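Values in this document were obtained by computation on a predicted structure and should not be read as measured data. In what follows, every heavy atom counts, from backbone to side chain, and hydrogens, waters and symmetry copies are set aside. Remember, it's 1-based here, ligands and their atoms both numbered in the order they're listed.
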Amino acid sequence: MNNLPIGIFDSGIGGLTVLNEIMRVLPNESLIYLGDTARVPYGTRNKDIINKFALELTRFLLKQKVKALVIACNTISAVSLSEIKKVTGKIPVIDVISPTVSFAMNRTQTNVLGIIGTRATVNSRVYDKQVKKKNKAITILSKACPLFVPLVEERMINDKATKLIAEEYLSGFDRSKIDTLILGCTHYPLLTKVINETLGNKVRLIDSAKPTAEELKKVLTKKNLLSNKKPTHHFYVTDIHPKMEEMVNLIFDNNFPGKLEKINL
Ligand code: DGL
């Protein structure tokens with residue numbers, strides 16, 4: 001059981017930002033990544049469709065005999081976590097939201113957090129609910145940024161248009177007291193530079209990679225599931241195009257530890 005792989009999935013390639021950190025924190029673990037690049041983005045779709053797609057991804061990974069699942073996507077975590085848990089039995093399922101909320105709450109000094117994400121994530125109000133449940137004194141301001149995912153998937157991370165869109169989306173935070181902004185979408189770490197430039201250095205950006213990788217390590221350690229074998233990795237996607245390979249190289253700083261393989265779900 002310990003040497004079985006961990007399944008990590010996302011609607012596209014954004015979840016590789018989480019996988020990258022998991023490889024750093026847990027270098028002995030074999031990983032299977034699955035990105036539904038043929039159908040990304042999920043965040044603009046309705047709940048039933050997101051649940052349907054999320055369960056297809058989950059079932060594919062369960063067939064590969066994984067020992068744990070990481071939902072490296074805020075949209076799927078926000079909308080489909082309970083549906084996914086209905087089919088995963090005893091396998092631990094780690095989502096990106098809960099570890100990131102705790103991480104951000106421990107860092108705010110002003111007690112005002114911001115969160116940006118896809119429309120589905122923001123409309124679910126999962127972040128607001130989790131923050132309020134843990135500490136009523138913390139205020140959370142949210143903003144959906146639906147164009148950010150296609151801009152990342154198109155590799156438009158340094159374009160003028162992206163800067164203008166960021167200014168438009170983030171202007172609502174200007175007169176707020178936020179000192180910490182949760183990048184509530186696993187694609188957004190690729191826009192860190194433009195978001196930082198727009199908000200200025202008084203706002204600390206938190207992405208889900210580190211808290212999620214740490215949570216995974218904690219869970220595997222507690223359940224005695226850590227691997228002791230040389231790892232192997234697989235990277236499955238449902239479509240491949242040249243822009244995507246450029247983005248993957250960017251995420252891994254030109255050291256992508258494998259190759260993208262196209263599969264049918
Ligand atoms: N990486 C996904 C997330 O974290 C992208 C969402 C989408 O597919 O729209 O929400």
If you measure every N/O of [X] against every N/O of ligand 1, is any gap under 3.5 Å?
{"X": "S11", "value": "yes"}
{"X": "T121", "value": "no"}
{"X": "H187", "value": "yes"}
{"X": "C73", "value": "no"}

Can you check whether [Y]'s main-chain N or O pairs, donor with acceptor, with [X]'s side chain at less than 3.5 Å?
{"X": "N2", "Y": "L226", "value": "yes"}
{"X": "T121", "Y": "A78", "value": "no"}
{"X": "T139", "Y": "V112", "value": "no"}
{"X": "H234", "Y": "I32", "value": "no"}

Please confirm whether G15 comes under 4.0 Å of ligand 1, counting heavy atoms of the residue only. no
Check for me whether C185 has a heavy atom closer than 4.0 Å to any atom of ligand 1.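 Contact check C185 vs ligand 1: positive.
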Can you give each donor-acceptor pair under 3.5 Å made by side-chain atoms of residues 199-222, sequence neighbours left out, with the distance rounded to 0.1 Å?
residue: D207; atom: OD1; partner: A209; partner atom: N; Å: 2.8
residue: T212; atom: OG1; partner: S208; partner atom: O; Å: 2.6
residue: T221; atom: OG1; partner: K217; partner atom: O; Å: 2.5

Which atoms from ligand 1 have a heavy atom of N74 less than 4.0 Å away?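 Those atoms are 3 (C), 4 (O), 10 (O).
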Ligand 1 atoms in contact with D10 (distance to a heavy atom under 4.0 Å):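 Atoms satisfying the 4.0 Å criterion: 1 (N), 2 (C).
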Heavy-atom pairs closer than 4.0 Å: do any link ligand 1 to the side chain of [X], the backbone, both, or neither?
{"X": "T186", "result": "both"}
{"X": "T44", "result": "neither"}
{"X": "V40", "result": "side chain"}

With a cut-off of 6.0 Å (strictly less than), are more than 12 heavy atoms of other residues, nucleotides or ligands near NZ of K132?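 Check passes, neighbour count above 12.
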Using the ring of each side chain (for Trp, its six-membered ring), is F148 parallel, tilted or perpendicular to Y188, with breaks at 30° and 60°? perpendicular
Report yes or no: is the cationic atom of R39 (NZ for Lys, CZ for Arg) under 6.0 Å from the centre of the six-membered ring of Y42, at an angle within 45° of the ring normal? no
